[in-house]
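Accompanying notes for the structure given below.
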Amino acid sequence: GFVKQQRKRNITRRTLEAFRLHLLREEKSSLTVGKYLRDARAFMAFAAGRSVDKALVAAYKQRLLEQGYAARSVNSMLAGLNSLFGFLGWQDCRVRNVRVQRRIYCAEERELTKAEYLRLLEAARRDRRLYLLLETICGTGIRVSELAYFTVEAVAQGEIAVRCKNKTRSILIPGRLRKSLLAYARQSGIASGPVFRTRSGRAMDRSGVWAQMKALCAPARVRKTKVFPHNLRKLFARTFYAVEKDIAKLADILGHSSIDTTRIYIMTSGHEHRRKIDRLGLVV
């Protein structure tokens, strides 16, 4: 109904509301819905009431590049816009991604090492909840948004059923972690529901976890650029792959629909890459 009535190619608040409802009907995750709407609002501000065509979208793409956004970031923003244009039936407005050469190693200033992770744990030792939170993310490879699925009931069973992007996957909890989480719940008077919760009893959110992790940087002597929840997930991925060498199984554990995504997670640092090249012994 809305799309057929939309004759002029301009984006309004009404357009965005219709797009939001469409994404919800498509069962997109709340994170995806929020991101796509932010992307659409940013483009709407750029368009400033002008009629939308491919030339305008291409100009917006160029503006993002000129502002210094990385190619991957630009492509991420374009994904939201292309989804909007698909919903509106404006297929001719869709633009191609910026071509990115696949990197074979990750930036050293961003990679969290196991030694640094252990220092973060030591710095969090006085805060039992934060300590276990770090262990839970890094020990299972979950997304920070999936912490809410770690309820007392699920932990007691030793298996977490996570629903994301219209899929359900099972996460097995390591035995020691299971015992630690149940002991923490008993000591904290948490009989049911989420193990990780705020003082008001609500499940902890991404921003709360992020802030508490950043506070550990100084005492743990770890760069702030390395300390965020997703890096714990990546450390799990690299450690698992180093032991098992099974990328397909790792993709299933992480909940990836594409192994190409998993490959990004297991990239080693530039330092490690240079060390492997040096071991070839081809420069004498």
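We're numbering straight along the sequence, starting at 1.
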- request: Using the ring of F228 (Phe, Tyr or Trp, six-membered ring only), decide whether K226 places NZ or CZ under 6.0 Å from its centre and within 45 degrees of its axis.
  value: no
- prompt: So which heavy atom on G255 is nearest to which on R143, and how close?
  reply: O-NH2, 3.5 Å
- line: Residues pairing under salt bridge (charged side-chain N to carboxylate O under 4.0 Å, His left out) where one sits in residues 77-93, two or more places apart or in two chains, turn out to be R9-D92
side-chain contact (heavy atoms from CB on, under 4.5 Å) assessment of Y36 paired with L84: CA-CA 8 Å; Y36 279 15; L84 171 63; over 6 Å; no
- request: Treating Ile, Leu, Val, Met, Phe, Trp and Tyr as nodes and any side-chain heavy-atom pair under 4.5 angstrom as an edge, say whether L16 and L81 lie in one connected cluster.
  value: yes
task: Could you tell me the separation between the CG atom of L177 and the CG atom of L172, rounded to the nearest 0.5 Å?
output: 12.0 Å
E111/R238 salt bridge by N-O under 4.0 Å criterion: yes
- prompt: Any idea which heavy atoms bring V74 and L65 closest together, and the distance?
  reply: CG2-CD2, 3.8 Å
- line: Residues passing the salt bridge (Lys or Arg N to Asp or Glu O under 4.0 Å) test with R169, sequence neighbours excluded, are E146
message: Please determine whether ring-ring contact (aromatic ring centres under 6.0 Å, His included) holds for the pair H230 and Y265, giving the CA-CA distance in whole Å, both sets of side-chain angles, and the decisive distance to 0.1 Å.
response: CA-CA 10 Å; H230 203 63; Y265 279 55; 5.3 Å; yes
field: Closest non-hydrogen atom pair between R206 and L31, with its separation
entry: NH2-CD1, 2.9 Å
Contact summary for L235 and L112, nearest pair of heavy atoms: CD1-O, 3.8 Å
task: Could you tell me how the ring of F196 sits relative to the ring of Y184: parallel (under 30°), tilted (30 to 60°) or perpendicular (over 60°)?
output: parallel
L250 and D246: CA distance, side-chain angles, deciding distance, side-chain contact (heavy atoms from CB on, under 4.5 Å) verdict: CA-CA 6 Å; L250 177 58; D246 188 339; over 6 Å; no
- request: Check T140, L254, V144, I142 against R233 for a side chain to side chain contact (heavy atoms under 4.5 Å, CB included) and give me the one that passes.
  value: L254
query: Do the charged groups of E17 and R14 touch, with an N to O distance under 4.0 Å?
result: no
- request: Decide if atom NZ of K114 counts as having more than 12 heavy atoms of other residues, nucleotides or ligands within a radius under 6.0 Å.
  value: no
4.5 Å side-chain heavy-atom contact, V227 and K224: no
- prompt: With no hydrogens and no angle check, do the side chains of T261 and H256 hold a donor and an acceptor under 3.5 Å apart?
  reply: no
field: Within 45° cone and under 6.0 Å: R72 NZ/CZ vs Y69 ring
entry: no
message: I'd like to know if D252 and K249 make a salt bridge, using a cut-off of under 4.0 Å between side-chain N and carboxylate O.
response: no
message: Under a 3.5 Å cutoff, is there a donor and acceptor pairing between the side chains of S76 and K35?
response: yes
